[in-house]
Each structure stands twice: as C-alpha cells, then as structure tokens.
Amino acid sequence: MKTEILGELQELARTAGYYVTESVVQNLDYPDPRHYLGKGKVDFAKRMIEAFGVSLAITRHELSPSQAMNLERLLGIHVIDRTQLILEIFAEHATTKEGKLEVELASLKYQLPRLKGFGRMLSQTGAGIGTRGPGEKKLEIDRRQAQDRISRLRKEIEELAKRREISRKKRQSSSVPLVSFVGYTNVGKSSLVSEISSEDLIIEDKLFATLDTRVRKAKLPAGMQLLVSDTVGFIRELPHELMESFKSTLDEVKYSDILVVVSDASDMAIKDKYSVVDRTLREIGAGEIRRIHVLNKIDLCTNERLAELEGSFPDSVMVSALRSYNIEGILNEITRKLFGEKSRRTLRLTPAEFSNFMRFRNSVEVLSESFDRELIEIVYLSSDEINERLISSICEEGRK
Ligand SMILES: Nc1nc2c(ncn2[C@@H]2O[C@H](COP(=O)(O)OP(=O)(O)OP(=O)(O)O)[C@@H](O)[C@H]2O)c(=O)[nH]1
Ligand SMILES: [Mg+2]
C-alpha cells in the first residue's frame, strides 16, 4: 500500500511536469510534528538533494504551515505537499469558467490558514521596527483580500450552479436518459465516452486530464437517444478543499439514470481503487444509482489476469477503448438496464398529456392507440425506469 501511494504521488508529480529523481521513505507511525521528517531522514534527504541537484521536495501528507517552513529551512529547497501538487494540476487542467473558479476557490481555502504562518514569519523579521511590523500589515491585507475574493468566488460559482440547475431540469423533463462515466483517474473514462459519443475529448496519460463534467449526445444500437457525461476522476484522499469544490461539478452524477463505473483492468490496485470510487459515490449522494462495471484496458492483460478478474468482478463488461473492443458490450448493458424487462401498460390521456407522452416515443413501444370521448387510450410496453420518468413528466406538465 505504502509503495503504491508513493507511486501515485510520483505519477501526480509527473502529471504536473516534474521529473522525479528520488523517493525518501520514513517508517514512523506519524510524521514528525515539527519537521515532518525525523532527523536521520532529513540528513539522508539532504544528501540526496545535493547528489542529484534536486530543486523541489513533495511530501505525501499535508503539511502544517510550521512543518513546511521548518522542512524548507532544513532541506534548503522549496517544499510543497500533495495537496498543493494536486491543486497545481487542477489549476492547469481546468478549462471551463466554473472549473477555473472552483480551483481558485479551493486554492484560496488552502492558503488562508497558511497566511497566518506566513505573517508570523514576516512579522518576526520586522519585529524590531515597532509594535506593528510591516509584515503584519501585509498579512492583514493579504488575508482580507483573500477573504473578499473567496466570498466573491462563492457568489459567482453559485450563479453558475443555478444556471446549470436550470439546464439540468430541462434535461430531466425530456425523455432522454443520462448515463455518467465515473471512476478512478486515468482509467480511460474519456476514451470510452468519446468512443460512444464520437466526440473528441481530452485523453492523456496523465492524472486529472478531465476536470469539467460535460454532457454529450449518443445513440444506442436500437436507435434510442442517450446523454453521456464524462466526469473528473476520483483519487484517494482528495484534499477536502477540492472535494468540496468538485462536489458541485459532480452534481450531474447524482441525477444520472445509470452509472458506468470504469476500472483499469491492468492495475494491480484495482480493488482498492474501486473502494475509493464506491466511497466517493456514496459521499456525493450517488451511492444508490444502478451501476454497470466496466473493466477497461484489457489489451494490457494476460489471459490469467482476465480469468482472475472474472472471478473478482463477475458481472463486469470487459473492454478496450484503445482497440475499440466490445464497446457494444457497454451499450447493450445500458440498453438492458434502461429498457429491458418491459411490461405492458395502459394510460388514458388528454390531448395535452398525449403530446407529452409522445416525447417518449423512442423509449417505449406503442401497441395501440384509441379514442374514447375526449381521451386517448394508449397501450404500450416500457421498463419501470422509463415509465417512472414518463409519468412524472406528465404529472409535472399537468401542474404547470
Ligand atoms: N492500453 C490501453 N490504454 C488505454 C485504454 N483506454 C485508455 N487508455 C489510455 O489511458 C490513458 C488515460 O485515458 P483517459 O481516457 O484520459 O482516462 P480518464 O479516465 O478520462 O482520465 P482522467 O480524466 O485523467 O481521470 C490514456 O493514455 C489513454 O490512451 C485501453 O483500452 N488500453
Ligand atoms: Mg478524462
């Protein structure tokens, strides 16, 4: 587990554009409260830094302001923690206005308590000048500015979220089902969504290539329309500042009809990562939504590995986005979940309700229509899922 987390940290560093030379592992139950590393490891790290000409150290745990300061002083190079590294990646990858605002907010929330440490350091240097050192003044301005900016960002994000809520409601009242692709970062979600929706997405061998949830149109083999959304990848121990911010972008997920949970079949840590995804889904209120589990990247697996996976994840669809292998397997499973097990139903509708019903004609199978005085009697086949949407849409229209 330890080496795996370290491996992931290296991947994150690589994604942020750093070249990783060395890792220093310390076997302590807790990081040293003052310097993060114990004395022996500090000396060891210093030797590494000199030998390899290292210019940046990244720590696996979040550092307190004083730990960061002390460690920087001891090592003589710039030190950042995993949270800062992830924030850096998010800042670089955010493309939409909302994404950019969310990252800025998360980063200010991270910095705010740390401005105190910074201020203390500055006021110490200015301690001889007067009761209020120049550092302290700077600190107050910094902190006030940061707080102002945070409240302005929150307002702007709220506005954007309202707009998104309106378009989501519009979409919900239409008959087209929404399927969200979710999963650990770098498993191939965007690759699969672009296979299905034939729209090009950002696909990179980097963590968090996708930060913004966007909805695209797709079609099932039987001709039914579908909306698919590609989402930000999950990661263990996502800094809470970011989790808070990205909960709103993940709102889409909560309103999906089906979740396609994607795993990387070639990843030995697949089970741990699946638990992280499962936990995150529950945290964002999407734990109850029906799932299809997809094992992607099977082109990288041996037959033994595939047999083993079949045992551990018996109901999964095995695919390779890279080789366009078995994409139809996902589509068939979506069709079965959405439209399978159809039952015969009868409704008597007013003309207005009937025109609303007709918006669902791609998702149901109409058997007969007959007129009975003012009403239209319609007999049709549909799944429970679609029927529920249909009825609530008709009722909602009726209330307007
Ligand atoms: N070998 C192999 N590589 C794949 C497959 N699918 C995706 N990849 C590669 O995996 C990497 C990540 O793919 P993405 O589609 O960006 O993954 P993602 O889950 O959207 O990643 P994030 O948005 O960063 O969370 C890219 O280098 C892809 O080319 C596959 O089936 N086989
Ligand atoms: Mg992606």
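Everything numeric in this text was worked out from a predicted model, so none of it was measured. Note that ligands are numbered from 1 as they come in the structure, with each ligand's atoms numbered from 1 the same way. All heavy atoms count here, side chains included; hydrogens, waters and symmetry mates do not.
- If you check the side chains of Glu8 and Tyr184, you find a donor sitting under 3.5 Å from an acceptor.
- At a heavy-atom distance under 4.0 Å, atoms from both the backbone and the side chain of Asn186 approach ligand 1.
- Of the listed residues (Cys301, Ser266, Ala321, Gly188), the one carrying the non-hydrogen atom nearest atom 17 (O) of ligand 1 is Gly188.
- Here's the thing with Ser191: one of its N/O atoms is less than 3.5 angstrom from an N/O atom of ligand 1.
- Taking 2.8 Å as the threshold, Ser191 does not count as a candidate ligand of the Mg ion (ligand 2), since none of its N, O or S atoms lies below it.
- Using a 4.0 Å cut-off between charged side-chain N and carboxylate O, Asp230 and Lys189 make no salt bridge.
- The shortest N/O to N/O separation between Val319 and ligand 1 does not fall below 3.5 Å.
- Note that the CG atom of Asp315 and the CD atom of Glu333 stand 8.0 Å from one another [nearest 0.5 Å].
- Below 3.5 Å of separation, one finds no N or O of Thr231 facing any N or O of ligand 1.
- Phe44 shares a hydrophobic cluster with Val24, Tyr36, Leu37, Val42, Met48, Ile49, Phe52, Val54, Leu63, Leu71, Leu74, Leu75, Ile77, Val79; the chain of contacts runs through ILVMFWY side chains whose heavy atoms sit under 4.5 Å apart.
- Looking at residues two or more places apart in sequence or on another chain, you find a salt bridge (charged side-chain N to carboxylate O under 4.0 Å, His left out) between Asp384 and Arg345.
- The pair Arg14-Glu11 counts as a salt bridge, with a side-chain nitrogen and a carboxylate oxygen less than 4.0 angstrom apart.
- Under 4.0 Å from ligand 1, heavy atoms of Leu322 appear from its side chain as well as its backbone.
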